[in-house]
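Down below is the structure, laid out as structure tokens.
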Amino acid sequence: MQLKSNDGESENCLTSAELSALLQSLGEHRSREVFRQLFEFFAPRLKTYFLKGGATAELSEELIQETFVIVWRKAEMFDSRKASASTWIYTIARNLRIDRFRKERRYLYKDDQFFANELVGEGSQLDDHHQSQLSEQVEKVLPLLPAEQSKIIKLAFYEDASHSKIAQHLELPLGTVKSRMRLALARLRKLLEGVEL
Amino acid sequence: MINHHLSDEILWAYATGSLPAGHALLVSCHLELCDGCKGRLAEAEALAGAMLQTAEQQKPSDDMFDLLMARVEGEPAVPAAAYTVEPRAEKGVPSALWDVLGYGFNDIKWKMVGPGIRQFILPIKPSEGESARLLKLSPGFVTPEHSHHAQR
Ligand SMILES: [Zn+2]
């Protein structure tokens with residue numbers, strides 16, 4: 001496998017396929033250099049994720065470390081047919097955040113369950129091709145959503161705000177929040193299908 | 001129980017961890033039984049993964065990688081499988097529920113609350129603002145008809 005060298009500026013533009021190859025390689029060889037590349041790509045993004053979720057700078061860094069300790073330990077279980085590297089690392093980070101901030105839900109979000117899940121064939125559009133392109137597509141289509149819709153999608157993502165919290169926060173009726181979220185997700189799905197063509 | 005499926009907005013809330021605890025439990029029980037919704041959850045999680053991949057970047061401290069490396073290299077090499085536990089499975093008991101109960105349906109201490117109605121309050125802490133009644137009802141569907149002896 002060809003590894004990208006760390007040449008400063010361009011280091012943070014890896015594609016989904018490259019990221020998945022790195023994670024797979026980490027599982028096979030536990031190379032420090034590969035680990036560093038994954039760290040350099042994801043750590044700054046995870047920092048935003050944890051900070052926007054309400055963690056202090058200190059706690060964010062602690063959670064980034066925890067995330068990567070798990071990545072190191074479990075990399076050999078990564079299977080690029082099941083999930084992209086970003087999705088795999090996202091679930092680890094999400095579970096850690098729940099463990100820290102939403103203790104009452106922690107019994108539901110365990111890495112084991114995610115990693116043990118069998119391939120879901122039917123109902124899922126996520127073949128390899130789709131997986132490896134999805135992030136680039138999302139980047140293109142997210143800005144196409146009306147602001148009021150993408151705001152609601154992001155509030156759930158970054159702040160794990162429940163529908164009722166979002167409603168409070170935006171001073172909207174709960175029904176409006178749910179329907180906007182439904183619209184946004186349906187729209188995203190359509191846009192993603194369109195981009196793929 | 002599979003009369004209706006999970007909506008996109010519920011799956012998104014579940015994928016982002018933002019569903020209140022009791023509701024999330026119901027969702028995860030449904031997911032264990034429904035491959036269609038499981039596939040759609042995978043899509044929602046892929047969307048979340050893509051959002052992480054395209055998130056803004058904020059620089060972590062300079063020494064973080066070295067600290068991290070020191071930490072993982074100090075660990076004994078253990079196969080990844082040793083860090084994972086097979087999800088518990090028992091006939092008819094979704095593993096999410098098993099994890100909450102710690103035992104199967106047969107050992108539940110049901111409480112009579114009305115003619116032919118028994119309930120069991122799940123030993124989980126409901127999320128803020130969540131109705132506790134939801135939790136009381138959740139195991140109800142397992143014993144709508146036949147009676148369990150409330151012995152023991
Ligand atoms: Zn379903």
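No hydrogens, no waters, no symmetry mates; every other heavy atom, side chains included, goes into these values.
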Legend entry - Side chain / backbone / both / neither for A:I153 at chain B, heavy atoms under 4.5 Å: both
Legend entry - Full working for side chain to side chain donor-acceptor pair (under 3.5 Å) between A:T48 and B:Q58: CA-CA 6 Å; A:T48 303; B:Q58 297 186 57; 3.3 Å; yes
Legend entry - Note: A:R36-A:E40 ion pair, threshold 4.0 Å (strictly below): yes
Inset, instruction - Count the heavy-atom pairs under 4.5 Å between each of B:Q53, B:E56, B:M69 and chain A, then report the option with the highest count. - result: B:Q53
Legend entry - Audit row: B:T16, B:S18, side chain to side chain donor-acceptor pair (under 3.5 Å) steps and yes/no: CA-CA 5 Å; B:T16 53; B:S18 49; 2.8 Å; yes
Inset, instruction - With a 4.5 angstrom heavy-atom cut-off, could you sort out which part of A:F35 is near chain B: side chain, backbone, both or neither? - result: both
Inset, instruction - Can you tell which part of B:M64 gets under 4.5 Å to a heavy atom of chain A, answering side chain, backbone, both or neither? - result: both
Inset, instruction - Name the option with the most non-hydrogen atom pairs under 4.5 Å to chain B; the candidates are A:S179, A:A161, A:A43. - result: A:A161
Inset, instruction - Using non-hydrogen atoms and a 4.5 Å limit, figure out which bit of A:R180 sits close to chain B: side chain, backbone, both or neither. - result: neither
Inset, instruction - Please look at B:L47 and chain A and tell me whether the side chain, the backbone, both or neither of the residue comes under 4.5 angstrom of a heavy atom of that chain. - result: both
Inset, instruction - Among the options B:A15, B:A13, B:S7, pick out the one with the most heavy-atom pairs lying under 4.5 Å from chain A. - result: B:A15
Legend entry - A:L51, part contacting chain B, at a heavy-atom distance under 4.5 Å: side chain
Inset, instruction - Would you kindly check if the NZ (Lys) or CZ (Arg) of A:R45 is within the cone defined by 45 degrees around the ring axis of A:Y49 and under 6.0 Å from the six-membered ring centre? - result: no
Inset, instruction - Please find out if less than 6.0 Å separates the ring center of A:Y109 from that of B:Y14. - result: yes
Inset, instruction - Under 4.5 Å heavy-atom distance to chain B, tell me which part of A:F157 shows up: side chain, backbone, both or neither. - result: both
Legend entry - chain B interface, residue from A:I89, A:L155, A:V177, A:V138 that has the most non-hydrogen pairs under 4.5 Å: A:V138
Legend entry - Proximal component of A:F68, with respect to chain B [non-hydrogen, under 4.5 Å]: both
Legend entry - Note: B:K38-B:E32 ion pair, threshold 4.0 Å (strictly below): no
Legend entry - Value rounded to 0.5 Å, distance of CG in B:L68 from CZ in A:F39: 6.0 Å
Legend entry - Charged N-O contact under 4.0 Å between A:K178 and B:E9: no
